[in-house]
Amino acid sequence: SAASGVRAAVDAWGLRNCAQGPEWYSDTVTAILVPEGFDANDVIKTAYDTYNLSLGAGLNKVAGKVFRIGHLGWLNEIMVLQALGGVEMAMRDVGIPFQAGSGVGAAVEYFTGASAGAKMAAE
């Protein structure tokens, strides 16, 4: 699923999903905690202003601590990879430490692995 590809990217970035465990994961949105000392709103603003990418903000207790990637509606793997690439550029711009390409790469691995398995099962 698109959601699983996004979660693979979050893990590869070394960041944490706001949802504490798989039973709380959402098929429609993933909220990503930024590291201590960073403001998620900086990621959101940079993604929008610089790369024309709209990310969701954290509300109430998680305001400024998370940004959200939506993965609902008409969405395919390529669109998810575009969003993840934009997130990576925005996170680099604000100085969040992670290996560039790691999240996109993890999602590619997930999507192609899942696709390959599905194709084999169908044959």
Side-chain angles (χ1 to χ4, degrees):
S1 73
S4 295
V6 171
R7 289 191 287 266
V10 174
D11 289 343
W13 291 329
L15 299 179
R16 288 191 13 246
N17 190 325
C18 188
Q20 297 290 312
E23 67 275 17
W24 302 107
Y25 291 167
S26 168
D27 289 334
T28 59
V29 67
T30 297
I32 298 134
L33 287 157
V34 295
E36 197 69 37
F38 291 93
D39 185 338
N41 293 318
D42 293 339
V43 177
I44 295 163
K45 182 172 174 23
T46 300
Y48 188 78
D49 291 348
T50 308
Y51 303 110
N52 201 29
L53 174 66
S54 293
L55 299 171
L59 307 172
N60 299 325
K61 290 181 180 178
V62 294
K65 296 178 182 172
V66 306
F67 62 89
R68 295 178 295 127
I69 298 176
H71 33 73
L72 71 162
W74 190 85
L75 191 69
N76 64 26
E77 291 90 344
I78 299 299
M79 296 160 78
V80 173
L81 295 173
Q82 289 175 314
L84 294 172
V87 168
E88 288 200 7
M89 292 189 292
M91 289 195 307
R92 293 276 294 204
D93 288 349
V94 302
I96 292 175
F98 71 98
Q99 178 62 46
S102 60
V104 173
V108 167
E109 290 284 331
Y110 174 80
F111 291 140
T112 57
S115 298
K119 287 176 191 158
M120 289 173 60
E123 290 174 357

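Just so it is clear, the values below take in all heavy atoms, side chains as well, and ignore hydrogens, waters and symmetry mates.
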Side-chain heavy atoms of D39 within contact of V34, under 4.5 Å: no
Tell me, do L53 and V87 make a side-chain contact under 4.5 Å, heavy atoms counted? yes
Looking at Y110 and S1, would you say the former's side chain and the latter's main chain have a donor-acceptor pair under 3.5 Å? yes
side-chain contact (heavy atoms from CB on, under 4.5 Å) against T50, all qualifying residues, sequence neighbours excluded: T46, D93
Report, one line per pair, each donor and acceptor closer than 3.5 Å where one atom sits in a side chain of residues 61-71; sequence neighbours left out.
from, atom 1, to, atom 2, distance (Å)
R68, NE, A57, O, 2.7
R68, NH2, A57, O, 3.2
H71, ND1, D27, O, 2.9
H71, NE2, T30, N, 3.3
H71, NE2, T30, OG1, 2.7

Between side-chain atoms of residues 8-21 and protein atoms elsewhere (two or more places apart, or another chain), which donor-acceptor pairs fall under 3.5 Å?
from, atom 1, to, atom 2, distance (Å)
W13, NE1, E88, OE2, 2.8
N17, OD1, A19, N, 2.9
Q20, NE2, C18, O, 3.4

Between V94 and I32, is there a shared hydrophobic cluster once you connect ILVMFWY residues whose side-chain heavy atoms come closer than 4.5 Å? yes
Once you round to the nearest 0.5 Å, how far does CG of D49 lie from CD1 of I44? 11.5 Å
Partners meeting side-chain contact (heavy atoms from CB on, under 4.5 Å) with A107 (sequence neighbours left out): L81, L84, F111
By side-chain contact (heavy atoms from CB on, under 4.5 Å), N60 pairs with (sequence neighbours left out) none
For atom CD of E23, decide whether the heavy atoms of other residues, nucleotides or ligands shown that lie under 6.0 angstrom number more than 12. yes
Do V6 and V108 share a hydrophobic cluster (ILVMFWY, side-chain heavy atoms under 4.5 Å, transitive)? yes
For L75 against V80, the heavy-atom pair lying closest together: CD2-CG2, 3.8 Å
Supply the atom-to-atom distance M91 CE to F98 CZ, rounded to the nearest 0.5 angstrom. 4.0 Å
Do W74 and M79 make a side-chain contact, defined as non-hydrogen atoms from C-beta onward lying under 4.5 Å apart? yes
Is Y51 isolated, or which residues cluster with it under the ILVMFWY side-chain rule of less than 4.5 Å, directly or via members? M89
